[in-house]
Number of protein chains: 2
Amino acid sequence: MSDFAPTEARLDVTRGKYPAFPRAPAILVRLIKHLYKEIHDEANAAMRPHGLNHPEYNILMMLYGAPDNTLSPSELAGAAGEKSANVTRLTTQLCEKGYIARAGSEDDRRKVALSLTAEGVALIERFLPDIVTLLQRQTRNLSAGEQAQLEGLLKKMLVGFGE
Amino acid sequence: MSDFAPTEARLDVTRGKYPAFPRAPAILVRLIKHLYKEIHDEANAAMRPHGLNHPEYNILMMLYGAPDNTLSPSELAGAAGEKSANVTRLTTQLCEKGYIARAGSEDDRRKVALSLTAEGVALIERFLPDIVTLLQRQTRNLSAGEQAQLEGLLKKMLVGFGE
DNA sequence: TATTGATATTTCATAAATGAATATTATATT
DNA sequence: AATATAATATTCATTTATGAAATATCAATA
């Protein structure tokens, strides 16, 4: 599932009817959407054998990337790109599975500290080989230089949001 | 919401613990995810005044881009990047709202033809100005050349999926 | 022509995500 | 200090999305 030609053809039809429709931005947005869906689906499939889905994987990885394996729900929401209500649900699930732990924060009693448990870390290190394989497959068509270039352009685009 | 520095910091922590984690691919995937979430949220917000959400918008636009404003559910699923079960639900909703119509196909009676109604076309042309504005804002940090470059790299990456 | 296998779509039960409202604590202002 | 404002998390009702199974049709072939 990676033929983008039909998408371009549809865009041409659209522009025939509505010439103001901006070709390049529309294509970019559609490409990002398609890539994300693929990433999401493949990550879901890769994580299923481990009893997780893509968003849960992400939550765990954000905590794994925190210096002390701990983040607050709002930090986690920003890091994982999830809405806070969803973070509550996801972390509750992960707590029930024993991979993370909840604790109140002392300095700011509004905050909650979400930390990986030893089991959580063990799980992560068990599935990471699969993820490494997946990431490398998903980017195998791009050279190192192209990856760097793409990274720069995506970052630049991202800055334009929410301002 | 567009500061990507914390993401990179987290990736460094991750790589400190698990050096095999590939930096560039991981960053790319996270960037795409963040961009998609922003695109999704902003499109949802932009479409709300028109009584639609982002996936419904997409369905309509895929039909608008079809030569005769008609596609089958499976074509629509591929075009919009939605699962077929979801396409059934979305198109049922849009039918109920009067924007698209369902008809059986004569040559292949398994197929269903989904077509924009006149109302559907009118709706699209009512909201398109908002979308044009949105698309231009979302890509305003990229020059035309950069947009073309980004398009090329994303397409190249997309080819790597599902093979 | 039966039979087998593939394709197209929908149904259904379940899971996942959202927006709005709420409760609680912190911070700023007067 | 009292009050208003902002930030943090959660709850809840609703919407949206998923995977697996079911239904119907077509296409090939034995």
Side-chain angles (χ1 to χ4, degrees), chain A residues 1 33 36-49 51-60 70-97 100-115, chain B residues 1 33 36-49 51-60 70-97 100-115:
Chain A
M1 227 280 273
K33 187 168 56 208
Y36 172 74
K37 298 266 186 186
E38 296 283 347
I39 287 168
H40 182 66
D41 287 352
E42 293 194 353
N44 271 336
M47 284 301 103
R48 178 154 332 187
L52 297 176
N53 58 25
H54 182 214
E56 289 173 321
Y57 154 76
N58 258 312
I59 295 286
L60 291 177
T70 301
L71 289 173
S72 71
S74 52
E75 290 168 326
L76 208 37
E82 296 289 343
K83 304 288 197 304
S84 60
N86 208 26
V87 168
T88 298
R89 182 184 60 85
L90 288 164
T91 54
T92 299
Q93 287 177 346
L94 291 167
C95 279
E96 284 164 1
K97 292 179 185 172
I100 71 179
R102 265 199 172 86
S105 163
E106 292 128 13
D107 48 315
D108 185 338
R109 283 167 43 201
R110 292 171 301 182
K111 289 190 183 170
V112 167
L114 298 161
S115 321
Chain B
M1 225 282 273
K33 185 169 59 207
Y36 173 75
K37 298 267 186 183
E38 297 282 346
I39 288 168
H40 182 65
D41 286 352
E42 293 194 355
N44 271 335
M47 285 302 103
R48 178 157 332 192
L52 296 176
N53 58 26
H54 182 214
E56 287 173 323
Y57 154 78
N58 258 314
I59 295 286
L60 292 177
T70 301
L71 289 173
S72 71
S74 52
E75 290 167 325
L76 208 37
E82 297 289 343
K83 304 289 196 302
S84 59
N86 208 27
V87 168
T88 298
R89 181 183 59 85
L90 288 164
T91 56
T92 300
Q93 287 176 344
L94 291 167
C95 279
E96 285 164 0
K97 293 179 184 172
I100 71 180
R102 265 199 173 84
S105 165
E106 292 128 14
D107 49 315
D108 185 339
R109 283 166 44 200
R110 291 171 301 181
K111 287 189 184 172
V112 168
L114 298 161
S115 321

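A, B, ... follow the sequence lines: proteins, then strands. Residue 1 opens every chain.
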Figure out the [atom1]/[atom2] separation between [X] and [N], and round it to whole Å.
| X | N | atom1 | atom2 | result |
| --- | --- | --- | --- | --- |
| B:Lys83 | C:dA8 | NZ | P | 17 Å |
| A:Leu76 | D:dA7 | CG | P | 20 Å |
| A:His54 | D:dA17 | NE2 | C1' | 15 Å |
| A:His40 | D:dA17 | NE2 | P | 10 Å |
| B:Lys37 | D:dA17 | NZ | P | 12 Å |
| A:Arg48 | C:dA15 | CZ | P | 12 Å |
| B:Asp107 | D:dC26 | CG | P | 9 Å |
| B:Glu42 | C:dG19 | CD | P | 13 Å |

Can you name the nearest heavy-atom pair linking [X] to [Y], along with the distance?
| X | Y | value |
| --- | --- | --- |
| A:Thr91 | A:Arg102 | OG1-NH2, 3.2 Å |
| A:Ala46 | A:Pro49 | O-CD, 3.3 Å |
| B:Val87 | B:Pro73 | CG1-O, 3.8 Å |

Handout entry: Value rounded to 0.5 Å, distance of OG1 in B:Thr88 from NZ in B:Lys83
Key = 13.5 Å
Exercise for the section: Quick one: pull up CG in A:Leu90 and CG in A:Leu114 and give me the separation to the nearest 0.5 Å. Expected result: 11.0 Å
List every contact pair, protein side and nucleotides 8-10 of chain D side both N or O, where the distance is under 3.5 Å.
{"unit_1": "D:dA9", "atom_1": "OP1", "unit_2": "A:Val112", "atom_2": "N", "d": "3.1"}
{"unit_1": "D:dA9", "atom_1": "OP2", "unit_2": "A:Ser74", "atom_2": "N", "d": "2.9"}
{"unit_1": "D:dA9", "atom_1": "OP2", "unit_2": "A:Ser74", "atom_2": "OG", "d": "2.6"}
{"unit_1": "D:dT10", "atom_1": "OP1", "unit_2": "A:Arg102", "atom_2": "NE", "d": "3.2"}
{"unit_1": "D:dT10", "atom_1": "OP2", "unit_2": "A:Thr88", "atom_2": "OG1", "d": "3.2"}

Exercise for the section: Using modelled atom types only, decide if a donor and an acceptor are shared between the side chain of B:Lys97 and the backbone of B:Leu52 within a distance under 3.5 Å. Expected result: no
Practice task
Could you tell me whether the side chain of A:Asn44 and the main chain of A:His54 form a donor-acceptor pair under 3.5 Å?
Solution key: yes
Handout entry: Any B:Arg109 side-chain nitrogen or oxygen under 4.0 Å from OP1 or OP2 of C:dT9
Key = no
Exercise for the section: For C:dA16, take OP1 and OP2 only and decide whether either is under 4.0 Å from a side-chain N or O of A:Gln93. Expected result: yes
Practice task
For A:Asn53, answer base if it contacts any base atom (sugar-phosphate contacts may also be present), sugar-phosphate if it contacts only those atoms, and nothing otherwise; contact means non-hydrogen atoms under 4.0 Å.
Solution key: sugar-phosphate
